[in-house]
> 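So that we are looking at the same thing, I have put the structure below in structure tokens.
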Number of protein chains: 2
Amino acid sequence: MSHVVYGCLMAVDRDHVLRSAAALLTRKSTATMDEVAKAAGISRATLHRHFAGRDALVLALEALCIAECETALDAARLDDGPAHDAVRRLVREIEPAAGLLAFLYTESQLFEGDAQNKGWTRIDDRVATLFRRGQAAGEFRIDLTPAWLTEALYGLLASGAWAVSEGRVAGKDFTHMIAELLLGGAVRREES
Amino acid sequence: MSHVVYGCLMAVDRDHVLRSAAALLTRKSTATMDEVAKAAGISRATLHRHFAGRDALVLALEALCIAECETALDAARLDDGPAHDAVRRLVREIEPAAGLLAFLYTESQLFEGDAQNKGWTRIDDRVATLFRRGQAAGEFRIDLTPAWLTEALYGLLASGAWAVSEGRVAGKDFTHMIAELLLGGAVRREES
DNA sequence: ACCACATGAGACATCTTTGTCTCAGCACGG
DNA sequence: CCGTGCTGAGACAAAGATGTCTCATGTGGT
């Protein structure tokens, strides 16, 4: 049954192509289908066989990113323990997806009727719920809305991903920089 | 001497076109030259008479943004008083340019040899110097590098501008949300 | 009234990207 | 050894954006 093997190979290739595209578009968001194909080591024709067009590719990248974010959200166990530790876990888990997230975050400024809107909303809600929980527990200040904290997290992830990719900050500091700034801010505090 | 009047009119129009373009590109970063022209209430031909092409337009927008940022930096008096108050003043003063800054911040991910690089570097340096001053004064924590704090400021300004333009956060909270998150973080603290 | 000059409208060629198609090569299983 | 079917290379047209050009129009100063 060749189509089983075929299906398997397709899946592997599709995933590889998707990850190559993510890596490239993270660095150059305006990359051509041709450049994406070359980056994946395949021809443009084959790229088109996997993804009907650029829209389909971006859509698939959205689906991938949403899946990775959900995985990170699960792995971070947002409901366990103090909210600030959950935030640290979340940043750590979501780091591998930060570049792709940054690409889609800016790209999606244009999407009117986003087909993946439901997926993004789910993620937004889970993150916002974490911040709300922290506020309810008295851990987080209440003058910053959960919506803004969520938005700020995305912004910091994007900034961090770009800053790392351009060598302005060290990659190993990514998690610490983002989580600690988001949690504690720039001001030095006496209490640990 | 018609060319004096002419020169004056040119300057006025050019500025108006530039600001219309900034407002449009803030919302839709892929807007066409035609859309930019319509947004400014002029024809594409006239737009081309003012700006040789899209590159020239973006370059002029960079120059405008740099100028506005420098003005904001001056107005914020970064060397006066506590660094954290200087940061608050800076965020307040730079708010009007935040949208344009967000556009150029993402757009410039592509610019290799940025003609305005010197201008951006100057701004980066002034902001980083502020954070360094705060660290030296013991106000700011030293585990977050000035470069990262600068980058984070840009990221938060961009997030804030988008969140406001899409109605996810209230425009009147812009300054407070950004400055207080950047300074104090999400964690509630006892000390004022 | 005349003239200079900026403007708007539109035609036009060009360039880039995209999407589709064909064809030959090649690997893989039967 | 022989097909099946995926792949790469390339040709092709279509679409969108850009840059340039011309011409008619209107406005403002002389």
Side-chain angles (χ1 to χ4, degrees), chain A residues 1-22 24-62 103-104 106-107 109-112 115, chain B residues 1-22 24-62 103-104 106-107 109-112 115:
Chain A
M1 309 238 288
S2 65
H3 63 280
V4 170
V5 175
Y6 165 58
C8 172
L9 288 177
M10 283 286 287
V12 169
D13 278 343
R14 185 188 154 93
D15 192 71
H16 169 245
V17 171
L18 226 35
R19 294 189 183 281
S20 304
L24 174 60
L25 290 171
T26 289
R27 295 191 307 274
K28 190 184 178 200
S29 59
T30 60
T32 307
M33 290 294 275
D34 204 63
E35 295 173 293
V36 171
K38 278 192 176 63
I42 62 177
S43 72
R44 197 163 66 92
T46 304
L47 177 59
H48 262 279
R49 287 184 192 107
H50 287 319
F51 305 98
R54 194 174 217 282
D55 292 350
L57 176 63
V58 173
L59 214 62
L61 283 173
E62 277 196 277
F103 163 66
L104 295 171
T106 54
E107 190 86 350
Q109 298 300 120
L110 323 168
F111 300 171
E112 321 297 315
Chain B
M1 309 232 291
S2 65
H3 64 279
V4 170
V5 176
Y6 165 58
C8 172
L9 288 177
M10 282 285 286
V12 169
D13 279 343
R14 185 188 155 94
D15 192 72
H16 168 246
V17 170
L18 226 35
R19 293 188 184 280
S20 303
L24 174 60
L25 290 171
T26 290
R27 295 192 306 274
K28 190 181 181 213
S29 59
T30 60
T32 308
M33 290 294 274
D34 204 65
E35 295 174 292
V36 172
K38 278 192 176 63
I42 62 177
S43 72
R44 198 163 64 93
T46 303
L47 177 59
H48 263 279
R49 285 183 193 108
H50 287 320
F51 305 98
R54 193 175 218 281
D55 292 349
L57 176 62
V58 174
L59 214 62
L61 283 173
E62 276 196 278
F103 162 66
L104 294 171
T106 54
E107 190 86 351
Q109 299 300 120
L110 323 168
F111 299 172
E112 321 296 314

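Proteins come first, then strands; the chains are lettered A, B, ... in the order of their sequence lines, and each starts at number 1. Everything numeric here is computed off the predicted structure, so don't read it as measured data.
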> Separation of Arg14(B) atom CZ from dA6(C) atom P, in whole Å?
15 Å
> Please confirm whether any donor atom in the side chain of Arg49(A) sits under 3.5 Å from an acceptor in the base of dG5(D), or the reverse.
no
> Locate the shortest heavy-atom distance separating Glu35(A) from Ala31(A); write the atom from each residue and the value.
OE1-CA, 3.2 Å
> Which whole-number value in Å describes the distance from Lys28(A) NZ to dT16(C) C1'?
12 Å
> Check the distance between dG19(C)'s C1' and His50(A)'s NE2 and give it to me in whole angstrom.
17 Å
> So for the helix from dA1(C)-dT30(D) to dG30(C)-dC1(D), with five pairs setting each end axis, what is the inter-axis angle to 10°?
10°
> List the atom of Leu57(A), the atom of Ala21(A), and the distance in Å for their closest heavy-atom pair.
CD1-CB, 4.3 Å
> Can you tell which of Leu59(A), Leu18(A), Leu61(A) makes a side-chain contact (heavy atoms from CB on, under 4.5 Å) with Phe51(A)?
Leu18(A)
> Without decimals, in angstroms, what is the distance between Phe51(B) CZ and dT18(D) P?
15 Å
> With side chains defined as the heavy atoms from C-beta onward, is the minimum distance between Leu104(A) and Val58(A) less than 4.5 Å?
yes
> Just to be sure I understand the geometry, which residues of residues 41-48 of chain A put a non-hydrogen atom under 4.0 Å away from DNA chain D?
Gly41(A), Ile42(A), Ser43(A), Arg44(A), Ala45(A), Thr46(A)
> Taking all non-hydrogen atoms of both residues into account, name the closest pair between Met33(A) and Gly53(A) and its distance.
CE-C, 3.7 Å
> Please determine whether any donor N or O and acceptor N or O are separated by less than 3.5 Å between the side chain of Arg54(A) and the base of dG19(C).
no
> To the nearest Å, give me how far apart CG (Asp34(A)) and P (dC15(C)) are.
18 Å
